[in-house]
Amino acid sequence: MPATKEDLLPALERLKAAFANALEAWYLQQARDLPWRRTQDAYAIWVSEIMLQQTQVVTVIPYYERFLTRFPTVEDLAKASLEEALKLWEGLGYYSRAKNLHQAAQVVVRDFGGVVPDTLEDILSLNGVGRYTAGAILSFAYGKRIPLLDGNVKRILARLLNDDAPINQPATEKKHWAWISELLDTSENPYVFNQAIMELGATLCTPKLTKCLLCPVHELCQAFKAGRVEALPVKTPAKAVPHKHIGVALIQNADGLYFIQKRPETGLLASLWEFPGGKQEADESLEATVVRELKEELNVDVNVGRHALSIDHVYTHLKVTLHVYHTEIVSPLDALELKAAQAFKWASLEEMRALPFPKANHAILRYIEIQ
DNA sequence: AATTCGGGGCA
DNA sequence: TGCCCAGAATT
């Protein structure tokens, strides 16, 4: 039987005396050696926490190392161009993180004397820093006793208390903040507690194939006792993801350079470079899509030639197939007008390699390379 | 409260 | 394939 609202908190009261000690003792023996656990530099920890948002540890590590090698201090990042920061972020996704981090670094240099702030109010004022990230920086860099709620902790709480409340709903999240705060209160070392509970979620209390028999707190776990570990946490079902087809123009000028444009500052893949094109409409051929989109977005007339390649790609809320066609501009170039981009450029393959492109575009660059 | 932001790891 | 990941910002 799932816990009801009435006996949930009493269960927490019974657990909490033993939870932190068992968890922390386990962590001190089992902790992974992660780069951001070797530093107390608040800037480095900040960078790591931004990169780790919705991104697994193994994915982040090489990006973290490269980023801090190029930008060892917040001043180095603040001085750099957004484009260079984006190039180092290329492939990591959620590019507004890089934009917010870059902008916030300039704020830290200008308004905070180059020191990452150590108060909740100041650090929450930085772009891209929400309640979790603010707490993580204050806890890991400054040793403050602040609870952390991330995907790992939500999953652990749902199981620990055998709670069926959907973890992806704000009301549940609010409840979880209260619970994790109570648990943290019993810890003698908040830094270790916060590292340990996320370590547990990442290594043992995983979404599938949980390793309960290795878990330091499985005897306290209400879902383990009830045999419901694999059934938790509950999430409300996601809606279906639409599949769009994109017509893309590969345009080469007389000098052999390719037409690329820089996407808008907001929205999907913000400020990354791409080849021009757009979404296919109902009852429209892909060739007609390319003609229409380039007229709408660039005010040019084109002839669409042979198909070059097609690329399938999956985003969180979108599946796309890029259909790339060799294309020729047949109207005067001085009439070209940017309506859906920040900038455009005629670029060689070498130049394009130095610019940040979305992952789905990498296959187009490889195609050009082997032509 | 719901949606929009990428891309990879892993079964 | 589908789910999840050291979430934040917008609507």
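Residue numbering restarts at 1 for every chain, and letters A, B, ... go by the order of the sequence lines.
- If you check every strand for non-hydrogen atoms under 4.0 Å, A:Leu34 touches a base.
- Donor-acceptor pairing under 3.5 Å is lacking for the side chains of A:Glu281 and A:Thr289.
- Atom NZ of A:Lys239 and atom C1' of C:dG2 are 18 Å apart (whole Å).
- As a whole-Å value, the separation of A:Asn127 CG from C:dA9 P is 7 Å.
- Note: CG (A:Leu200) to P (C:dC5) measures 13 Å, nearest angstrom.
- Atom CD of A:Gln40 has 12 or fewer heavy atoms from other residues, nucleotides or ligands within 6.0 Å.
- At a threshold of 4.0 angstrom between heavy atoms, the contacts of A:Gly267 are confined to the sugar-phosphate backbone, with no base atom among them.
- Residue-to-nucleotide proximity on DNA chain C shows that, of A:Gly128 and A:Trp36, the 5′-proximal contact is made by A:Trp36.
- When the side-chain nitrogen and oxygen atoms of A:Lys319 are compared with OP1 and OP2 of C:dG2, one or more of them lie within a distance under 4.0 Å.
- Of all nucleotides listed (B:dG7, B:dG6, B:dG9), B:dG6 comes nearest to the side chain of A:Leu268.
- The base of B:dG6 is paired with the side chain of A:Thr316 by a donor and an acceptor separated by under 3.5 Å.
- Residue-to-nucleotide proximity on DNA chain B shows that, of A:Thr59 and A:Thr266, the 5′-proximal contact is made by A:Thr266.
- Nearest to the side-chain atoms of A:Asn100 among the listed nucleotides B:dG7, C:dA9, B:dA1 stands C:dA9.
- Close to C:dC5, at under 4.0 Å from its OP1 or OP2, lies no side-chain N or O of A:Gln56.
- A close approach under 4.0 Å does not occur between any side-chain nitrogen or oxygen of A:Lys208 and OP1 or OP2 of C:dC4.
- Atom CG of A:Leu101 is separated from atom P of C:dG7 by 16 Å (rounded to the nearest Å).
- Nearest-nucleotide positions on DNA chain C for A:Leu52 and A:Val129 put A:Leu52 closer to the 5' end.
- Among the protein residues, A:Thr133 comes within range of the sugar-phosphate backbone only, with heavy atoms under 4.0 Å from sugar or phosphate atoms but none that close to a base.
- A pairwise comparison of heavy atoms in A:Gly201 and A:Arg155 identifies O-NH2, 2.8 Å as the closest pair.
- The shortest distance between the side-chain N/O atoms of A:His317 and the OP1/OP2 oxygens of B:dC5 is not below 4.0 Å.
- Looking at A:Asp76 and A:Thr73, their side chains do bring a donor and an acceptor atom within 3.5 Å of each other.
- A donor-acceptor contact under 3.5 Å is formed by the side chain of A:Thr55 with the base of B:dG6.
- Taking atom CH2 of A:Trp89 as the reference point, atom P of B:dG6 lies 12 Å away to the nearest angstrom.
- Under the side chain to side chain contact (heavy atoms under 4.5 Å, CB included) test applied with A:Lys16, the options A:Thr186, A:Asp185, A:Leu160, A:Leu184 reduce to a single match, A:Thr186.
- A cation-pi contact, defined as under 6.0 Å to the ring centre and within 45° of the axis, links A:Arg131 to A:Trp177.
- Closest to the side chain of A:Glu49, out of C:dA6, C:dA8, B:dG7, is C:dA6.
- Heavy-atom nearest nucleotides on DNA chain B were determined for A:Ala270 and for A:Pro170, and the one closer to the 5' end corresponds to A:Pro170.
- Protein atom NZ of A:Lys359 is 8 Å distant from nucleotide atom P of B:dG7, rounded to whole Å.
- If you take CE of A:Met51 and C1' of C:dA8, they are 17 Å apart, rounded to a whole angstrom.
- Across all strands shown, A:Leu209 has heavy atoms under 4.0 Å from sugar-phosphate atoms exclusively, and none from any base.
- Ranking B:dG6, C:dA6, B:dG9 by closeness to the A:Leu269 side chain, first place goes to B:dG6.
- Using a 4.0 Å heavy-atom cutoff across all strands shown, A:Asn194 reaches no nucleic acid atom at all.
- Under 4.0 angstrom from either OP1 or OP2 of C:dA9 there lies no side-chain N or O belonging to A:Tyr94.
- When the nucleotides C:dA6, B:dC5, C:dC5 are ranked by their closest atom to the side chain of A:Gln54, C:dC5 comes out on top.
- Annotation: C:dA6 and B:dT3 have their P atoms spaced 24 Å apart (nearest Å).
- Taking atom P on both C:dA8 and B:dG8, the two are 22 Å apart, rounded to the nearest angstrom.
- Ring geometry for A:His218 versus A:Phe224: interplanar angle over 60°, hence perpendicular rather than tilted (30 to 60°).
- Between A:Ile167 atom CD1 and C:dA6 atom P the separation is 12 Å, expressed in whole Å.
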